Amino acid sequence: MKTILSFMTILLCMAIPTHAQLIAKDSTGMMSIDLEEVTVKSKSVIEKDDRKVILPTQQQLKVSANGVDLLSKLQLPRIMIDINSGEITHAGHGEVQLRINGIEVTYTEILALNPDDILRVEYLDIPGARYGNAAAVINYITKTKKAGGNINGGAFHGFGSNRTSIDDMLAGRYNQGKSEFSANVRYIQRKGDWTREYDERLIFPDHELHRLEVGEPTLFNKKLLNTNLSYSLQDKGKYLFNAQFRYTLQDNPAGYEDRKSQLHSSDSDTPLSILDHTKERNHLPAIDLYYQQFLKHDQQLIFNVVGTYIRSNNTRIYLEQKEEKTETEFYSDISGKKYSLIAEGIYEKKTEQGAITAGLKHMQSYTSNLYSGNNSQNILMHQAESNAYAEYRGKISKWGYMANLSLSRFYYSQKKNHNEKYALQPSLLVSYSPVDDLHLRYHINLKNNIPSIAYLNDVEQDIDNLQIRKGNPNLKSFRSIIQDFNATYTLGIIDLDALVTYTHEKNPVMESIHYEDGIFIHTYENQKSFRHLTAEVTLRLKPWKDYISLAITPGINRYISEGNNYLHTYTLKELRINLDASYKNWMLNFMTLTPPNRMVYGEQLMKGDLMRSLMIGYKQPSWSIMAGVFNPFTKTYRSENENWSALNPVKSDIHSNNMSNTFVVKLNFNLNFGRQYKRSDKSIQNSDDETGILQGTKE
C-alpha cells in the first residue's frame with residue numbers, strides 16, 4: 001500500500017508543473033524535465049538536545065543584506081544585536097561565539113556572508129566543553145562553493161549633533177583549483193561626548209566627606225581597524241589546511257572614562273576643576289595555522305596553533321585645580337608587551353547513537369607591563385592554562401542527553417608569587433520531547449573561573465588624591481554552579497521560549513574598598529558568594545506568514561551579592577521588543593534593547609537606559625539601503641550606576657544628548673563573479689586579546 005501511495009505521489013508531482021519545473025523537447029523530440037529547484041516546506045525551527053536548528057525562509061533570505069541582518073530577523077531568544085555598536089551580545093552577559101561551518105569567525109566575516117549561501121543557522125545556547133566559556137554559539141551552515149569569487153562591502157554611518165558613527169567593511173574571496181584566497185578589512189569610529197556626574201561620600205574613621213561632581217560634556221573618540229588575510233588548501237572529504245594573518249589596531253585618543261567637571265566638597269567653599277584624560281593604543285597581530293584530517297568511519301582530527309603578540313600603550317593624566325592653581329596632578333604611562341601561544345587538538349567521531357568529542361588545549365603567555373609616572377614599576381607575568389575534555393552526546397527514544405568532563409590547570413607567576421590550580425568541570429544536559437511541539441531541557445554545569453591577569457597585577461594606580469586602585473596577586477580561582485531549565489512550545493503562529501537560570505559562585509573575585517593611612521584602597525578579593533536568579537519568557541508572534549514577526553521578552557533578575565563585609569540584594573526588571581516586517585523588497589525593523597551592562601556584581605549596580613532603533617529600507621539582489629533613527633523617542637541617553645560600599649558609596653549619572661535622535665544610513669553591496677567552488681571551513685579558531693593592564697580610571 002505504501003509503495004502504491006508513493007508512486008501516485010510522484011505521478012501527481014509530475015502532472016502539476018511548478019515554478020521549479022521547466023518542460024521542453026530536445027533535438028530528438030524527446031520530452032525532458034529540468035528540476036531547477038524544489039521547495040519543501042517544513043518546521044522553521046528544529047529543537048535538538050543542545051541547540052536550535054533554524055531554517056531561514058525565502059522571504060528572510062531575500063530581504064537580508066548579510067549574515068548579521070539575517071540573525072536579527074531570526075529573533076533568537078537572549079541574543080541581542082546592537083546596530084549602533086556593531087555587537088552581538090547575550091542577555092546573560094557572556095561571550096557569543098560566531099562560526100561559519102564550525103569555524104570561529106569575527107563579526108566582520110558574518111557581515112561579509114551572503115544570505116543566499118546560508119542553508120541554516122545553528123543556535124547553541126548551552127555550548128559543549130570544546131567551546132570554552134562561551135554563553136552561546138551561533139553557527140552558520142553554508143552551501144558548498146565552486147570556482148569563482150565574490151566582493152562585498154557595507155557602510156553604516158550615523159549623523160547627529162557633535163557625533164560621528166562609522167562602520168565600514170570591504171571583503172573579497174577568490175577560488176582557484178583547490179586553493180582559496182580571502183581578505184577583509186573593517187574600520188569603526190565612535191565619536192561624541194559624555195557628561196559624567198558623581199555624588200560620592202568618603203567615610204573616614206572620624207568624619208565624613210561629601211563630594212558632588214557636576215560634569216561638562218567631554219569628548220570620547222574610539223577607533224578600531226580589523227584586517228584578515230587567509231589562504232586555504234583543501235581536498236573535500238580528505239583534508240583542509242588554512243593559514244591566516246590577523247591584525248587589529250585599537251586606537252582610543254579619548255577614552256570613555258574621560259571627564260571635565262567641577263567638584264564641590266563639604267570641606268571647602270571653593271570648587272575644584274577636574275580634568276581626567278586617557279589615551280590608549282593597542283596593536284594585535286596574530287598568525288593562525290589550522291589542519292583538519294578526515295578519517296574513515298565518520299572520524300576526524302583537528303589541529304590548531306595560534307601565535308599572538310600584543311603591544312599596548314596607555315597614558316592618563318589627572319588634574320585638580322583650585323582657582324587656576326594646581327592642587328593635584330597624576331600622570332601614568334603604561335607600555336605593555338604580551339606574547340602568547342595557543343595549541344589545540346580535537347578528535348571527533350559520530351556513532352549511530354550519538355557523537356564523541358575529546359580534546360586537549362594549552363595556552364602559554366608572557367606579559368611585560370612597564371608602569372611609569374607617579375608610580376613606576378616593571379611587572380613581569382607568566383601564565384599557563386591547560387584543558388583536557390571529553391564529551392558524549394546521545395539520544396534514547398524521546399530523551400536526549402549530553403555529558404562532558406573537563407580537567408583544567410591554571411598557573412600564574414609574578415616575582416615570588418605563584419598560583420597553581422587544578423579543577424574538574426563536569427556538565428550534564430537532559431532533554432525530553434513528549435510531543436513534536438514541546439521541548440523540555442535541564443542543564444547543570446560546574447565551572448572553574450580564573451581571575452583576570454589585570455586584577456592579579458602587583459601594582460598601584462592613582463584614582464585621585466584620596467583613592468588608589470591596587471591589584472592583588474593572591475587572588476584564587478573560584479567555582480560556580482550554573483543550572484537552567486528551558487521549555488519551548490509552538491502553537492500555530494505563536495512560539496514560546498521560557499528560561500529559568502540559577503547561578504551560584506563560591507568565593508568570587510569582586511571589588512573591595514579599604515581605608516589605610518588616609519587613603520581609600522580599591523582592590524579585588526575573593527568574597528563569600530554571588531547568586532543570580534533570572535527568569536524570562538520570549539513570545540514570538542507571526543500573524544501574517546513570514547512578512548511580520550514580533551518578539552517580546554519580559555524578564556526579571558534577582559541578585560544576592562555577599563562579600564566578606566557586606567550583603568546586597570537587588571531585583572532588576574527587563575523588557576526587549578523586536579518587530580521585523582517585510583513585503584516584497586521593502587523592510588522595516590523596530591527594536592528596543594537592554595544594554596549588556598545592565599547588571600549587579602559585588603557592590604556595583606550598572607543600570608543603563610534602553611536603546612531603541614527604527615529602520616526602513618529597500619533590498620535588491622546585489623545591493624540594499626536602509627535608513628532610520630537611533631533612540632527616536634529619547635532626548636537623553638543615560639546610564640545610572642551605584643556603588644554601595646560602606647566606606648565609599650557613590651551614585652553616578654553618565655549621560656549624553658548626542659546619542660539620541662541620531663539619523664543613520666546603512667548601505668550594502670554583494671557582487672559574485674564566476675562559479676563558486678566547493679569548500680569546507682575549519683572548525684575552531686583561538687585568539688588572545690587581553691593586555692593584562694590595570695587602569696586607575698574612575699568607574
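Everything numeric here is computed off the predicted structure, so don't read it as measured data.
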Notebook entry, point to check: Please walk me through it: do Phe485 and Leu440 pass side-chain contact (heavy atoms from CB on, under 4.5 Å)?
Noted result: CA-CA 8 Å; Phe485 176 77; Leu440 308 174; 4.2 Å; yes
Next item on the list: Could you give me the CA-CA distance, side-chain angles and deciding distance for Val121 and Leu74, then say whether side-chain contact (heavy atoms from CB on, under 4.5 Å) is met?
Entry: CA-CA 9 Å; Val121 177; Leu74 296 181; 3.9 Å; yes
Next item on the list: Show the numbers, then the answer: is there a side chain to side chain donor-acceptor pair (under 3.5 Å) between Asn152 and Asn150?
Entry: CA-CA 7 Å; Asn152 59 77; Asn150 171 269; 2.6 Å; yes
Checklist line | Step-by-step side-chain contact (heavy atoms from CB on, under 4.5 Å) determination, Ile126 to Arg441 | finding: CA-CA 10 Å; Ile126 301 181; Arg441 185 177 63 185; 3.5 Å; yes
Note to self: Walk me through whether Leu428 and Tyr442 qualify under side-chain contact (heavy atoms from CB on, under 4.5 Å).
What the structure shows: CA-CA 8 Å; Leu428 175 66; Tyr442 170 77; over 6 Å; no
Notebook entry, point to check: Could you go step by step and tell me if Asp69 and Lys619 meet the salt bridge (Lys or Arg N to Asp or Glu O under 4.0 Å) rule?
Noted result: CA-CA 12 Å; Asp69 272 359; Lys619 173 74 166 58; over 6 Å; no
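Between Arg120 and Glu122 there is a salt bridge, since a side-chain N of the basic residue sits under 4.0 Å from a carboxylate O of the acidic one. A salt bridge links Asp546 to Lys542: one of the charged nitrogens lies within less than 4.0 Å of a carboxylate oxygen. A salt bridge links Arg540 with Asp495; the closest basic N to acidic carboxylate O contact falls under 4.0 Å. Ionic pairing of Glu536 and Arg78 is present here: one or more N-O contacts between side-chain nitrogen and carboxylate oxygen are shorter than 4.0 angstrom.
Note that CG of Asn672 is 9.5 Å distant from OG of Ser622, once rounded to the nearest 0.5 Å. Going from atom CD1 of Ile118 over to atom CG of Leu70 covers 5.0 Å, rounded to the nearest 0.5 Å. Taking CG of Asn578 as the start and CE of Met591 as the end, the distance is 4.0 Å to the nearest 0.5 Å. Interatomic distance, Phe590 CZ to Leu550 CG, rounded to the nearest 0.5 Å: 10.0 Å. Distance check: Leu429 CG to Met402 CE gives 5.0 Å after rounding to the nearest 0.5 Å. The CZ atom of Arg190 lies 9.5 Å from the CG atom of Leu224; values are rounded to the nearest 0.5 Å.
Residue Ile287 qualifies as open at atom CD1: its count of foreign heavy atoms under 6.0 Å is 12 or below. Lys395 NZ: more than 12 foreign heavy atoms inside a 6.0 Å radius. The 12-atom threshold is exceeded at NZ of Lys349, counting heavy atoms of other residues, nucleotides or ligands nearer than 6.0 Å.
Contact of the Asn66 side chain with the Leu113 side chain is not registered, since no non-hydrogen atoms from C-beta on lie closer than 4.5 Å. By the 4.5 Å heavy-atom criterion applied to side chains, Ile494 and Leu541 are counted as neighbours. Residues Glu348 and Asp298 are not in side-chain contact: their nearest non-hydrogen atoms beyond the backbone lie 4.5 Å or more apart. When side chains are defined from C-beta on, Ile100 counts as touching Ile110, because their heavy atoms get closer than 4.5 Å.
In summary, the side chains of Asp288 and Gln244 do not present any donor paired with an acceptor at a separation below 3.5 Å, with no hydrogens or angles considered. Side chains of Tyr389 and Glu391: a donor-acceptor N/O pair is absent below 3.5 angstrom, by distance only. In this structure, a donor-acceptor pair under 3.5 Å is absent between the side chains of Gln59 and Tyr547. Side-chain contact of Ser408 with Asn387: a donor-acceptor pair under 3.5 Å is absent, judged by distance alone. Gln293 and Tyr291 form a side-chain donor-acceptor contact under 3.5 Å, judged by distance and modelled atom types alone.
Asn670 places no side-chain N or O within 3.5 Å of a backbone atom of Gly153 that could act as its donor or acceptor partner.
Residues passing the side-chain contact (heavy atoms from CB on, under 4.5 Å) test with Thr488, sequence neighbours excluded: Glu47, Lys52, His439, Asn486, Asp497.
Between Tyr174 and Phe673, the ring planes are parallel. Angles under 30° get that label, and only those over 60° would be called perpendicular. Relative orientation of the Trp623 and Tyr618 rings is tilted, given thresholds of 30° and 60° on the angle between their planes.
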